[in-house]
Amino acid sequence: MKALKSTGTDSLLICLILIIGAVLRFYNYAGIPFTHDEFSAIFRTQFNSFQDLISKGVLVDTHPAGVQVFLFYWVKLFGISEPLVKLPFTLFSLVSVYLLYAIGRKWFSSTAGLIAASFLAFLQYPVMYGQIARPYASGLFLVLLMVWFWTSLMLSPGKRFYLNLAGYILSSALCAYNHHFSLLFVGVAGLTGVFIINRNYRKAFILAWVAIFLLYSPHLTIFFSQLKQGGIGGWLSRPRPDFIFDYLAYAFQFSWYILALLVFLVILALVWRPKARPSNYRMVLVSFIWFFVPLLAGFLYSFYINPVLQYSVLLFSFPFLLLLMFFYADAGKTWQKCILVALPALVVIPSLILERRHYSIFYKSQYREIIVESKNDAEKLGRSNCFILIDSHRRFTDYYLGKPGMEGFTVNYIHDVFDPPVLETILDTCKSRYFVYGCISNSAWEDYSVIHSRYPFVLSHTYFNEGDVYVFSKDSAGASEDYYFSSYADFDSNSTGWENFRTARTWFTGVDLQTQVYCIDSGLQFSPIFRGPLRDISRHKNDIVDLCAEVATFDGFSEAYLQLGIYQDSELLMLRSATIKGMQPGEYRRIYCSCRLADIEWRHHSLYVQGFIWNPKKQDLLIRAMSLRIRHGNPVLYGLYRKIEKEKRISLPTVEN
């Protein structure tokens with residue numbers, strides 16, 4: 001009777017976990033926008049033939065063909081809309097919660113399975129990827145499905161062996177078609193299975209590998225073609241040696257509350273564990289191997305060959321970290337089990353909503369919000385008063401311009417502007433009172449300074465995940481100051497923060513009799529240099545440093561460079577550079593160079609910023625003005641993957657010399 005009661009409690013608890021997990025994933029489901037990767041995948045399904053899909057939609061990517069082929073047919077059947085495209089992947093995510101519970105119960109205990117399932121249901125990590133139509137939620141489901149059949153083969157091979165073997169073969173092959181890391185997981189699981197399975201069934205299990213290989217063999221040409229492309233090092237950097245700590249912090253929402261919860265759950269589980277209940281230490285070792293081997297393989301490949309390691313690809317092995325953390329949990333009483341399952345919900349869900357702000361950050365895509373906010377601003381200020389410039393992926397933006405409510409709303413794309421000099425020409429001739437500028441995370445940071453030089457007042461700055469919308473104005477009414485630190489080089493004396501004047505300082509008045517100018521003559525390589533401690537002069541890790549120089553050249557001048565660097569002691573961490581060339585002799589032009597602090601590693605000590613002009617060919621160059629300023633950035637720019645930190649509320653005076 002007690003066993004039946006326990007089983008009823010388990011069923012009730014896992015149903016509650018699934019219901020809450022579904023609510024977290026389906027909340028305002030129609031309002032979840034497409035991500036960049038989803039747009040990329042969807043637009044690579046718009047082909048008339050399967051052959052074109054493979055040649056133009058799969059071979060150009062680094063992912064296996066499985067999800068792309070699935071989407072190809074799915075959108076043909078149901079069309080392109082956010083809820084319908086995402087739906088299968090959200091369902092995969094929910095079923096994965098149940099599969100983890102079932103595996104944990106079979107390996108260790110129902111309590112261990114329930115606790116692991118609750119974290120998989122409530123944490124932002126699996127919740128968010130369950131709302132994205134990419135191979136991560138599907139890979140999680142397929143990996144856990146494969147493990148379920150693998151478990152039956154290992155622990156009870158005498159029961160429906162060939163049915164479970166067929167399920168293992170099919171799910172493993174689907175894992176291989178889904179993602180290269182889910183394929184890696186299949187290999188790791190297969191090798192561990194050789195040492196665990198009853199030797200009477202070992203031969204059949206090894207022959208299953210042959211079947212898996214045969215099912216995957218049509219994909220081998222794609223695999224080797226993609227292998228030649230290498231990794232994604234164009235935008236993904238090598239992992240740091242302490243990557244695992246960053247990953248764990250991300251997986252558990254950067255929350256001290258969740259860390260305290262984990263410690264408390266460990267203590268409770270140990271205290272309430274029946275003393276006579278043995279643990280299945282063989283499966284503990286399996287959990288350890290299955291989590292750490294993919295992590296280690298991805299790290300070594302990314303560090304020494306090509307960067308591929310991201311948080312997303314470790315989702316497939318994350319469930320086994322949860323099982324590893326709670327394998328010993330086996331509450332002896334029903335109320336104890338209920339508490340162990342309820343505590344994650346009471347701590348993780350508020351952290352998801354309040355600390356991670358999941359529903360306000362993830363639900364605001366840069367591509368949609370740029371259009372929505374630009375339209376709202378134009379309606380408030382008067383459409384005829386606004387010039388709207390968008391720096392975004394045009395095809396993604398056009399998708400949202402085609403949505404209901406956007407009829408008649410048009411924007412200008414920066415891709416039609418081509419380069420900064422043309423942008424400056426447009427700004428010089430623009431008669432609009434307001435200039436609305438929407439940009440994404442990989443936009444040219446210097447464009448802000450170019451616009452600000454013509455429209456010097458900022459009325460508003462709206463930010464969201466990987467995107468911003470600014471409203472600039474020519475008059476100060478209602479404006480706020482976006483720059484909070486400014487330092488200007490005064491060529492008449494040593495300016496605060498500026499150095500390297502020495503004998504390089506000369507005065508030249510032939511071009512402008514009203515203004516003293518600094519002349520870098522033919523014997524010098526460097527202008528005056530600004531140098532300042534970054535932690536003292538900046539407020540937030542996502543702020544932006546702008547360096548500006550107003551320069552003029554002479555006949556025969558080839559090129560010089562305006563450079564902005566971030567250093568740790570004498571080690572260069574980041575260098576941004578703008579080329580000074582192609583100017584009319586004697587004509588002054590402002591050159592801009594900007595650095596986004598979010599893209600540097602803040603764990604370094606003694607960080608400082610340095611800005612200067614490098615004149616490698618030692619040609620004559622006139623400098624009428626130089627300045628280094630720091631402005632407010634986007635505090636949630638990378639908020640989905642990094643800790644959301646509060647801005648430093650300090651009062652920094654503007655340094656004007």
Side-chain angles (χ1 to χ4, degrees), residues 33 35-36 124-125 128 246 249-250 252-258 311 350-370 372-374 376-377 391-392 436-449 451-452 458-472 479-486 533-546 566 573-574 576 594-604 607 609 629-652 654:
T35 65
H36 176 95
Q124 184 188 31
Y125 183 24
M128 184 182 74
D246 292 339
Y250 163 76
F252 294 104
Q253 301 181 179
F254 303 97
S255 175
W256 289 103
Y257 299 107
I258 294 180
Y311 298 153
S351 173
L352 170 75
I353 298 170
L354 301 176
E355 284 190 295
R356 297 302 296 157
R357 294 157 56 185
H358 177 73
Y359 298 102
S360 61
I361 295 178
F362 179 67
Y363 279 47
K364 290 188 175 182
S365 160
Q366 65 272 38
Y367 304 113
R368 184 177 69 184
E369 296 307 312
I370 283 176
V372 171
E373 293 298 330
S374 297
N376 291 340
D377 291 333
D391 186 3
S392 180
V436 180
Y437 174 58
C439 58
I440 58 177
S441 60
N442 59 352
S443 300
W445 313 323
E446 292 79 7
D447 288 344
Y448 175 98
S449 298
I451 299 169
H452 193 273
V458 180
L459 294 185
S460 68
H461 173 200
T462 306
Y463 51 78
F464 26 84
N465 173 47
E466 297 191 14
D468 302 80
V469 173
Y470 300 90
V471 179
F472 296 91
S480 59
E481 181 56 59
D482 220 18
Y483 286 103
Y484 60 82
F485 175 85
S486 301
L534 199 54
R535 295 182 187 275
D536 293 341
I537 63 176
S538 65
R539 294 184 181 180
H540 198 279
K541 294 179 179 179
N542 285 319
D543 288 348
I544 298 172
V545 182
D546 292 327
I566 305 295
L573 302 180
M574 172 185 282
R576 297 280 296 175
S594 300
C595 171
R596 188 169 57 197
L597 300 182
D599 297 325
I600 66 170
E601 180 50 67
W602 279 85
R603 276 171 288 199
H604 293 292
L607 291 172
V609 59
R629 300 193 289 175
I630 306 178
R631 56 185 162 95
H632 298 283
N634 181 343
V636 297
L637 181 72
Y638 299 133
L640 290 178
Y641 304 100
R642 295 184 185 176
K643 184 178 181 180
I644 303 170
E645 300 188 24
K646 294 182 179 179
E647 184 175 350
K648 278 167 53 181
R649 297 295 179 182
I650 61 175
S651 178
L652 285 175
T654 298

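Keep in mind it's a predicted model, so treat the numbers as computed, not measured.
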Kindly give the heavy-atom pair with the smallest separation between [X] and [Y], and that separation in Å.
{"X": "S449", "Y": "Y483", "result": "OG-OH, 3.7 Å"}
{"X": "G633", "Y": "D543", "result": "N-OD1, 2.8 Å"}
{"X": "H632", "Y": "H461", "result": "O-CE1, 4.1 Å"}
{"X": "Y484", "Y": "S538", "result": "OH-CA, 3.4 Å"}
{"X": "R629", "Y": "S486", "result": "CD-OG, 3.1 Å"}
{"X": "M574", "Y": "C595", "result": "SD-SG, 3.2 Å"}

Residue set satisfying side chain to side chain contact (heavy atoms under 4.5 Å, CB included) with L354, at least two apart, ordered chain then number -> none

Could you please spell out the steps behind the side-chain contact (heavy atoms from CB on, under 4.5 Å) verdict for I544 and Y448? CA-CA 10 Å; I544 298 172; Y448 175 98; over 6 Å; no

Atom pair [atom1]/[atom2] of [X] and [Y] - distance to nearest 0.5 Å:
{"X": "S441", "Y": "R596", "atom1": "OG", "atom2": "CZ", "answer": "5.5 Å"}
{"X": "D599", "Y": "N542", "atom1": "CG", "atom2": "CG", "answer": "8.5 Å"}
{"X": "Y463", "Y": "K364", "atom1": "OH", "atom2": "NZ", "answer": "10.0 Å"}
{"X": "L597", "Y": "L637", "atom1": "CG", "atom2": "CG", "answer": "11.5 Å"}
{"X": "T35", "Y": "Q366", "atom1": "OG1", "atom2": "CD", "answer": "8.5 Å"}
{"X": "M128", "Y": "L352", "atom1": "CE", "atom2": "CG", "answer": "11.0 Å"}

Using modelled atom types only, decide if a donor and an acceptor are shared between the side chain of [X] and the backbone of [Y] within a distance under 3.5 Å.
{"X": "E446", "Y": "S594", "answer": "yes"}
{"X": "R368", "Y": "Y363", "answer": "yes"}
{"X": "Y125", "Y": "Y311", "answer": "yes"}
{"X": "D391", "Y": "C439", "answer": "no"}
{"X": "N634", "Y": "F464", "answer": "yes"}
{"X": "Q253", "Y": "Q124", "answer": "yes"}
{"X": "R642", "Y": "A598", "answer": "yes"}

Once you measure the plane-to-plane angle for F362 and H358, does it fall in the parallel (<30°), tilted (30-60°) or perpendicular (>60°) bin? parallel

Do the ring planes of Y437 and Y470 sit parallel (below 30°), tilted (30 to 60°) or perpendicular (above 60°)? parallel

What verdict does the side chain to side chain donor-acceptor pair (under 3.5 Å) test give for N465 and Y641, after you've listed the backbone C-alpha separation in whole Å, the side-chain angles of each residue and the deciding distance to 0.1 Å? CA-CA 10 Å; N465 173 47; Y641 304 100; over 6 Å; no

Can L607 and R535 be said to form a side-chain contact (heavy atoms from CB on, under 4.5 Å), step by step? CA-CA 7 Å; L607 291 172; R535 295 182 187 275; 3.9 Å; yes

Please enumerate all residues that pass side chain to side chain donor-acceptor pair (under 3.5 Å) together with R631, with sequence neighbours excluded. D546

Heavy atoms, side chains only, cut-off 4.5 Å: are [X] and [Y] in contact?
{"X": "I440", "Y": "Y367", "result": "yes"}
{"X": "L534", "Y": "I600", "result": "yes"}
{"X": "D482", "Y": "H452", "result": "no"}

What's the verdict on side-chain contact (heavy atoms from CB on, under 4.5 Å) for N376 and V469, showing C-alpha distance, side-chain angles and the deciding distance? CA-CA 11 Å; N376 291 340; V469 173; over 6 Å; no

Is F254 atom CZ crowded by more than 12 heavy atoms from other residues, nucleotides or ligands, each under 6.0 Å away? yes

Could you please spell out the steps behind the side-chain contact (heavy atoms from CB on, under 4.5 Å) verdict for L459 and D377? CA-CA 10 Å; L459 294 185; D377 291 333; over 6 Å; no

